[in-house]
Amino acid sequence: MADIIYTYKDSVYANITNKCNCRCTFCIRFVKDGVGDADTLWHQVNPSKEEVIDAIRNFDFAGYKELVFCGYGEPTCQLDILLDAAAYAKKEKGLKIRLNTNGQGSAENGRDIVPELSKVIDSVSVSLNAPSKKEYEDVTRPILTNGFENMVEFTKRCREVIGDVRWSIVDVLPEEEKDRCIALSNEHNIPLRIRKYSNN
């Protein structure tokens, strides 16, 4: 059985689904079965809302202040579970909640989901991956149409409504692409985190 709750470095993560609407060329799930202390993050069957909440209830969060929704799938593909599990973790465990996402959530769910997220999510990290539509589609391979535009608009809405929002890219991008990502983040007043690529 796959891990629902796992730790990696200094953080605790919730792996609530394996469904994803992107097929990123660099995705770690195509390289290995688990991350951190998880033996596998591949669910035989995606967990129910009750199973996710039970996993949060039974985990000892001593020493941790935040729960990050991020695993081998896109959390907003299971929006109802994400919202209810985040609400439970905030209320019953007193945790801050971060969402790591590809930014396709509103397009995936057919509506602006940011107001719903804002009730339970404290911060959002959106994978920017590339500075233009063509480059983004080449590396992210979104299933939904207008993936780049969806991601940018979702991030801007999160910035407006939630506030603590950033884009992220990996440091293996060519310098010229990194520079254009920085320019894009400045244009939209969205902080950019350049993180070290790791397949561990």
Side-chain angles (χ1 to χ4, degrees), residues 13-31 41 43 46 68-83 85-86 97-195 197:
Y13 295 83
N15 176 44
I16 65 171
T17 183
N18 288 150
K19 183 179 179 183
C20 191
N21 40 34
C22 291
R23 296 291 180 270
C24 299
T25 56
F26 58 84
C27 186
I28 193 170
R29 73 183 196 163
F30 299 133
V31 178
L41 293 172
H43 298 292
N46 284 324
V68 185
F69 282 84
C70 173
Y72 274 16
E74 167 53 41
T76 59
C77 287
Q78 294 285 9
L79 183 62
D80 58 336
I81 295 178
L82 169 62
L83 295 173
I97 306 298
R98 185 170 94 227
L99 171 64
N100 287 4
T101 177
N102 60 23
Q104 302 296 317
S106 290
E108 171 72 24
N109 289 280
R111 65 182 188 276
D112 177 11
I113 66 170
V114 175
E116 296 165 78
L117 293 175
S118 70
K119 297 176 183 177
V120 295
I121 302 295
D122 298 291
S123 63
V124 181
S125 178
V126 181
S127 297
L128 174 58
N129 294 332
S132 72
K133 179 181 177 71
K134 173 67 164 61
E135 290 159 313
Y136 179 88
E137 291 182 348
D138 285 347
V139 72
T140 304
R141 299 183 297 183
I143 293 172
L144 300 165
T145 57
N146 299 315
F148 183 73
E149 293 87 346
N150 296 340
M151 178 274 298
V152 171
E153 287 307 310
F154 176 84
T155 310
K156 289 164 62 177
R157 279 289 288 150
C158 286
R159 184 72 166 152
E160 292 169 4
V161 179
I162 297 173
D164 188 356
V165 177
R166 68 190 59 222
W167 271 324
S168 71
I169 58 174
V170 290
D171 62 358
V172 295
L173 285 180
E175 287 300 320
E176 185 270 340
E177 284 189 38
K178 281 194 277 189
D179 288 344
R180 285 191 287 126
C181 287
I182 292 169
L184 188 67
S185 73
N186 290 336
E187 176 187 347
H188 294 292
N189 191 31
I190 295 166
L192 177 68
R193 176 179 177 235
I194 302 176
R195 60 186 179 84
Y197 177 75

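Since the structure is predicted, the reported quantities are computational estimates derived from the model, not experimental observations.
- Taking each heavy atom of Gly71 and Asn15 in turn, the nearest pair found is CA-OD1, 3.3 Å.
- At distances below 3.5 Å, at least one donor-acceptor pair connects side-chain atoms of Arg159 with backbone N or O atoms of Asn189.
- One side chain, Asn129 or Thr140, offers a donor N or O that lies under 3.5 Å from an acceptor on the other.
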- [ ] Run the numbers on Val152 and His188 for side-chain contact (heavy atoms from CB on, under 4.5 Å), then give the verdict.
- [x] CA-CA 9 Å; Val152 171; His188 294 292; 4.2 Å; yes
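- Here the side chain of Ser106 pairs a donor or acceptor atom with the backbone of Ile113 at under 3.5 angstrom.
- From Asn100, atom CG reaches atom OG of Ser168 across 7.0 Å, with rounding to the nearest 0.5 Å.
- Residues that satisfy the side chain to side chain contact (heavy atoms under 4.5 Å, CB included) test with Lys119, not counting sequence neighbours, are absent from this structure.
- For the residue pair Glu137 and Gly147, the shortest heavy atom distance occurs at OE2-N, 4.5 Å.
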Open item on the list: Between Ile194 and Val170, is the side-chain contact (heavy atoms from CB on, under 4.5 Å) condition met? List the steps.
Closed with: CA-CA 6 Å; Ile194 302 176; Val170 290; over 6 Å; no
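- Taking CD of Glu108 as the start and SG of Cys77 as the end, the distance is 4.0 Å to the nearest 0.5 Å.
- Side-chain contact between Pro142 and Asn21 is absent, with no heavy atoms from C-beta onward closer than 4.5 Å.
- Sorted by first and then second residue, the ring pair (Phe, Tyr, Trp, His ring centres under 6.0 Å) pairs involving residues 121-144 (not counting sequence neighbours) are Tyr136-Phe148.
- With sequence neighbours excluded, the residues forming a side-chain hydrogen bond (donor to acceptor under 3.5 Å, both in side chains) with Asn150 are Gln104, listed by chain and number.
- By the 4.5 Å heavy-atom criterion applied to side chains, Ser132 and Arg180 are counted as neighbours.
- Side-chain contact between Asp138 and Lys134 is present, with heavy atoms from C-beta onward closer than 4.5 Å.
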TODO: Decide yes or no on side-chain contact (heavy atoms from CB on, under 4.5 Å) for Arg111 and Glu116, but give the supporting numbers first.
DONE: CA-CA 11 Å; Arg111 65 182 188 276; Glu116 296 165 78; 2.9 Å; yes
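- Here the SG atom belonging to Cys158 is positioned 13.0 Å from the CZ atom belonging to Arg166, to the nearest 0.5 angstrom.
- One finds the CG atom of Leu82 at 9.0 Å from the CD1 atom of Ile97 (value rounded to the nearest 0.5 Å).
- What you find for Ile121 and Ala86 is that their closest heavy atoms are CD1-CB, 4.3 Å.
- Between Glu160 and Lys156 no salt bridge is recorded (no basic side-chain N to carboxylate O distance below 4.0 Å).
- Side-chain atoms of Thr101 and Val124, non-hydrogen and from C-beta on, do get closer than 4.5 Å to each other.
- Residues Leu184 and Leu192 fail the side-chain proximity criterion, which asks for heavy atoms closer than 4.5 Å.
- With contacts defined as side-chain heavy-atom distances shorter than 4.5 Å, the pair Tyr13/Arg98 qualifies.
- From Leu99, atom CG reaches atom OG1 of Thr76 across 7.0 Å, with rounding to the nearest 0.5 Å.
- For the pair Thr155 and Val165, the tightest heavy-atom approach, listed with the atom from each and the gap, is CG2-CG1, 3.8 Å.
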- [ ] Could you go through the side-chain contact (heavy atoms from CB on, under 4.5 Å) check for Arg23 and Ile143 one step at a time?
- [x] CA-CA 8 Å; Arg23 296 291 180 270; Ile143 293 172; 3.9 Å; yes
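- Of the charged side-chain nitrogens involved, at least one lies within less than 4.0 Å of a carboxylate oxygen, so that Lys133 and Glu149 count as a salt-bridged pair.
- The shortest heavy-atom contact between Ile16 and Gln78 is CD1-O, 4.1 Å.
- A donor-acceptor pair under 3.5 Å is formed between the side chain of Asp112 and the backbone N or O of Val114.
- Side chains of Cys20 and Asn102 form a contact here, defined as non-hydrogen atoms less than 4.5 Å apart.
- Side-chain contact check for Thr17 versus Phe69: every heavy-atom pair is 4.5 Å or farther apart.
- Heavy-atom minimum distance, Cys181 versus Ala130: SG-C, 4.0 Å.
- If you take CD on Glu135 and CG on Leu128, they are separated by 10.0 Å, rounding to the nearest 0.5 Å.
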